[in-house]
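Below, chain A is the first sequence line, B the second, and so on; all start at residue 1.
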Amino acid sequence: MSKKPKLLWLQSLTCNGNSHSFFNHSDLFSILSHFELIHFPLIDTKYTLEDVLNKRVNCDILIIEGSIKHGLEKCGVDIATLIDYYANEAKYIITAGTCATFGGMFKEYDSDNINGFAFDRDKAIDNFSKFRKKLISLPGCPIHPKWLSYVLLMIANKKNIPLDDKNRPQELYSITVHTGCVRNEYFEWKIDTHGFGHKEGCSFYENGCQGPFTRGSCNKILWNDVSSKTIIGTPCFGCTEPDFPKERLFFTKTNMGIPQKMPLEVPKRAYLTITGVAKSFNIKRLERKLIEYNNDN
Amino acid sequence: MIIKKLIEKVEGEANLSFEFKDGKISNVDIIFNIYRGIEEILKGKPTRDALVITPRVCGICNHAHLIASVRAIEDGLKNNSLEFTLTQKAKDIREFTLACELIQNHIKWLYLTIYPYLERLLKIERSDNHTLKASYIANTITKAMAIFAGQWPHSSYAVVGGVTCDPTYLDTIQSLSHIEDAIRFYEKVVIGMNLDDYLAIESISNLDKLGGDFAKLLYLLGKNEFAKIGKSFDRFISFSDSHISKKAKSIITTVSAVELKFVKEYKQKDSFAKGVKYKNRYFEVGPLARAMINKEPIVKSLHKKYKDATLTRVYARVHEVALLLKQTKEILQNLDVTQESCVLDSKIDINNITGIGTVEAARGSLIHKLEVENSLIKSYDIITPTQWNLSNNAVAAKAMIGLDSEDIASFVFRTFDVCSVCTTH
Ligand code: SF4
Ligand code: SF4
């Protein structure tokens, strides 16, 4: 008998994106070696989905992917009820992705019947009080593979994970996506990127970047070990947040030329003061192209 | 007699119901019973938001959805007489990231969907290295791709008029190293020979040079009748031009033009997935279709002998990886980073347009159609590759009819690289 914690990955209403995201992990096998894999949607495991559906397996860690939809069945088994069954059984419950955590994108189709496991957007629902002691929320659309491996390895190493009020690990979600973005210098001096497709400039002023008020460590722990949306000039769409997806995702909503939504907990007055000062200088280096490819020197 | 089977790990699940008459399968119903309403969610949204929403149709081919979506909007703008041409750089980068997505997909299919189930079916010793191999490629290729796309899955880096990234040679060189790693893997592990030498093989008689897991797979398939079974309509279709395909159809090896207006979707009973036909006929899409249309010599040579049997279908998919690896390397070696990334203003109004975007996704042609009114999406229609292959009575069903075991039929089904997730959008 293996004494490794039993890991069960269960899908509800999902795009499979979290499974694929996790599968990209560069250390997948060393991570999985700490667990007995009961079921994972991409890997051939000892138990079949039918075993899982018929409650023939046990689990210590339950990973939920996808939003919970009332009445959703697989082979005549009600998935919400099945998730409850394993949730009671498990010692840890991880909601992997924004769908499983807050309801996510698919909630928009049938908002009353589709929710996260323990949240309806930012509102805690019954499951939160019921399972809060063993719940770990990992929002993100999809989850970052290394956020999940951090949680799994903390559990495997019997360490306590400091959580915030929504049970998100603080070590992952206490900073914003803005932290570590290579465009920070342009943000400081309030220089826009002027359209798409430029190395220079920041996407906060026109292109809708939500990095400064979105919790997550996309720019601290890079995506696929190499990059992130904001680094390559795509705005952050706030996909870790309870209200993802908002609308007009490629535009900054402004008020008299100033972004409507402020960086997390920054008072508008403070922001305006700094902006006024920063904009009064005309810093040539930051206005120029970074690289002149046709330079003959 | 009816036997029901749950097929899992095919990008979601599908329920198959086999009807047997005189010991042979006489009918197969393929049922997908999940629906996520993505087309409904898109209604009333600002047009550009489709670039964030449609990738979430599917965790494995999200990028293809992004490209189909951006092409649909661009097509709509052009129909409205806005004139613009993407730079070669933007086109190349899009083709590159798309090719990367196809490569990781095909390799995952080979090692996660095909090998384990074939070994189980044939009751032969199971090797547990398959997952490791799939994971190596998934990791390597998505790195190469994320350098341009920011992340995989669910990037939205293709925008109207180009791409958001503005890579340096530092980026292309790093990405190239990952592609070279992937090529080395393909050479050492999958084909057991040099990539260029492999691509020079044009006929079955020279396939004896092939080694690696591919040769082993072909041997197992050939020995177990898969060169004879799994035949379907022998009609193939593709709706976009790319390195690996042309917009055309192939009927008993005759290639001719196609028009999108003849594509028709219809409702199917008991299933949330719609069926789709071209001029009222079923067509196969995917790597085999692309190779037949593109007259890929080695695939044609196999087809000549085995027609569209399972062996030929499997071959075409693994073979396509070789074409794509070579293409990705060439794109990176020749990419001119000094061109513009995006030729359109990020704020141009997108209003009152209808457009169609097509793309060759891993499993075949993907079509997005949209209509925009008052700057909001009025309707959005997605036709996925799996709909072509898996409608009831269509390509996969025909390939299974006449077989005498539901287990063998289920394997034939898997060779189509089913995507239940996409189909249940
Ligand atoms: S949160 Fe995003 S990645 Fe995860 S299932 Fe939902 S749509 Fe897919
Ligand atoms: S692009 Fe976004 S994340 Fe990057 S510096 Fe600007 S606001 Fe911050």
Give, for atom CG of A:Leu42 and atom CG of B:Leu112, the distance between the pair rounded to the nearest 0.5 Å.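 The CG atom of B:Leu112 is 6.5 Å from CG of A:Leu42, to the nearest 0.5 Å.
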Roughly how far, to the nearest 0.5 Å, is the CG atom of B:Asp166 from the CZ atom of A:Phe196?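 Reported to 0.5 Å precision, the distance equals 13.5 Å.
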Identify, with sequence neighbours excluded, every residue that meets side-chain contact (heavy atoms from CB on, under 4.5 Å) alongside B:Asp345.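 Residues passing side-chain contact (heavy atoms from CB on, under 4.5 Å) with B:Asp345: B:Lys347, B:Ile348.
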Under a 4.0 Å threshold between the charged nitrogen and the carboxylate oxygen, would B:Glu8 count as salt-bridged to A:Lys74?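 No, this pair does not count.
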Heavy-atom side-chain proximity of [X] to [Y] below 4.5 angstrom:
X: B:Thr131; Y: A:Asp44; value: no
X: A:Asn207; Y: B:Ser346; value: yes
X: A:Leu249; Y: B:Arg48; value: no
X: A:Pro142; Y: B:Gln151; value: yes
X: B:Pro153; Y: A:Asn24; value: yes
X: B:Arg56; Y: A:Cys239; value: yes
X: A:Trp223; Y: B:Thr142; value: no
X: A:Val226; Y: B:Gln174; value: no

Under 4.5 Å, heavy atom to heavy atom: which of residues 335-344 of chain B reach chain A? Give them by number, or say none.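 At a heavy-atom separation under 4.5 Å, chain A is reached by B:Val337, B:Thr338, B:Ser341, B:Cys342.
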Could you look at A:Thr45 and say if it's the side chain, the backbone, both or neither that has a heavy atom under 4.5 Å from chain B?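 Both backbone and side chain.
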Going by distance alone, is a donor N or O of one side chain under 3.5 Å from an acceptor N or O of the other, for A:Thr234 and B:Ser156?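 Checked: A:Thr234/B:Ser156 side chains show no N/O donor-acceptor pair below 3.5 Å.
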Checking the side chain of A:Lys229 only, and the main-chain atoms of B:Ser155 only, is there a donor and an acceptor separated by less than 3.5 Å?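 Side chain of A:Lys229 to backbone of B:Ser155: no pair is present.
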